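Predicted model only: the values in this text are computed from it and were never measured. Both ligands and their constituent atoms are indexed starting at 1 by order of listing.
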Amino acid sequence: MATKKLRVGVCGFFIECNRWAPVSTREMFGAALDLAGDRLQAELERTQPRTLPDCAGFVAQMNRLGPWEPVALRMAAAQPGGPVEHAFFVELREDIEARLLAAGPLDAVFISSHGAALTTESDDPDGELFERIRALVGPALPVLAVFDLHCNVSERMTRALSAFVAYRCNPHTDLRERGEEAARHLHALLARGPGVVEMVRLPFVPPATAQLVAPGTPYADLIALGQTRVAGPILNVSLCGGFALADCDKCGFSVVVTARDGARDAAATLALEMAGIVWRSRQKFVSKLTPLASAVQAALEAGQPGAAPLILADVADNPGAGGGGNTVTLLQALLAAGVRGALLGVFTDPALASEAHERGVDADFTARLNRDSGAAPFAAALQHDARVLALSDGNFVGVRGMVKGSQLSMGPSALLDLGGVRVAVISERQQLLDPAQLTVLGVDLTSVRTLVVKSRGHFRAAFDEFAPPERILEVDCPGLTTPNLKTLAWTRMPRPVYPIDEHASWNP
Ligand SMILES: [Zn+2]
């Protein structure tokens, strides 16, 4: 007897939204990833697709598990930014609905999701999308989604899903594995459904810098503990630290448990138990920022002969959480102190990159940083004598860490020498995630004494060979993505919430 060929709808909506960052537009999705129908279908069939690796992992594992056919709907993703232009979200959601209706009978739906989206009019677009999908496919069809562990979870989201799978690594190096896991759960649910998802959200918003998953961190210990509870009907335990900077009523550490066989009570009991354990460990999630003056001193020392390389992470200007990647507080301080051997990478300034390309390699000029920034938050202007050291189209293939093997672009890029401090200027806002972003500009990392990164932590997966964890300082500078949560003007965050309000309590 021939095995039935499964038909699985594939779609996605992927963005992390910082309440205070500039609006994320249709064009930003268009520039990053926005594919539908045949174009998405073709991408799903490629070995190195432009979709996120969770989708590629899902497809690859489904291929291994038996005959099936992906039915491409629509998938849109953008760099972290401000709330999404609402009209674009509505168009995307309606398009996914229309394609779902036109797809004919399906056996399941897979969603590549981030889970911390906002729009200019909605604080839970993810929930709205999942609810509409559920309404169209009916109550029984498995609908599975993969999430960033920085997702902000609502019951509207979990009620619409049959399986909820969050990354377990931060830096996020396990997207592909989580997509593979979702494929295995799909087969488990087809054999032993229905899948049910239960969640508990805590009044606890760990700062992003305290959410590192590395040996000995509290988050790693909790995630490992959660994995010991995956047995019997429990398919997945997701511990989602969340994204506080969304400033919405979904903010808070969420424990999300998926079970098969409709085992809702088992899922709910485990979610509550794990939430209690997380709550009791909340005081371990501390952010240890280095004052600017101490960071500059460390960079001066790292410039001395024989000193070990140093990384200064400008965590408050992380494009990976909606930052502009263009603040100059740290750069200015390093220049003023006369630091030698430092390299700032990568700094987003399309106008400066373009001017460097016009002037050419070896040109000396007055670099005007942030000339176009206008009212961009925190992006002060800075002028400094500079020489163009190298130019690049900014295309690179990742060699280590989160984007290893991916073909990516920074747009027209230039390496400038500001005297003691080199700056890798790019056109397309992004974090430093890979050494290849610097080597395409001719940088030999052995010549760098202090590497300054506009990133919260994902760089760690790529620059572990450059500097060990104890030589990484997270610097306290102003910016849109500051981990100093007490300094922000919250308007929608449910209060009291720990650690913004130290007296916050939780009543299960
Ligand atoms: Zn994340």
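- At a cut-off of 2.8 Å, D148 is counted among the residues with an N, O or S atom near the Zn ion (ligand 1).
- The existence of a salt bridge linking D124 and K250 is confirmed by a sub-4.0 Å separation between a basic side-chain nitrogen and an acidic carboxylate oxygen.
- Between E181 and R178, at least one side-chain nitrogen of the basic residue sits less than 4.0 Å from a carboxylate oxygen of the acidic one, meeting the salt-bridge criterion.
- Looking at H150 and the Zn ion (ligand 1) together, the shortest N, O or S contact belongs to ND1.
- The Zn ion (ligand 1) has no N, O or S atom of H458 inside 2.8 Å of it.
- T481 and N318 share no donor-acceptor pair across their side chains, judged by distance under 3.5 Å alone.
- Proximity of the aromatic rings of F253 and Y219 is defined here by a centroid distance below 6.0 angstrom, and this criterion is met.
- At a cut-off of 2.8 Å, H172 is counted among the residues with an N, O or S atom near the Zn ion (ligand 1).
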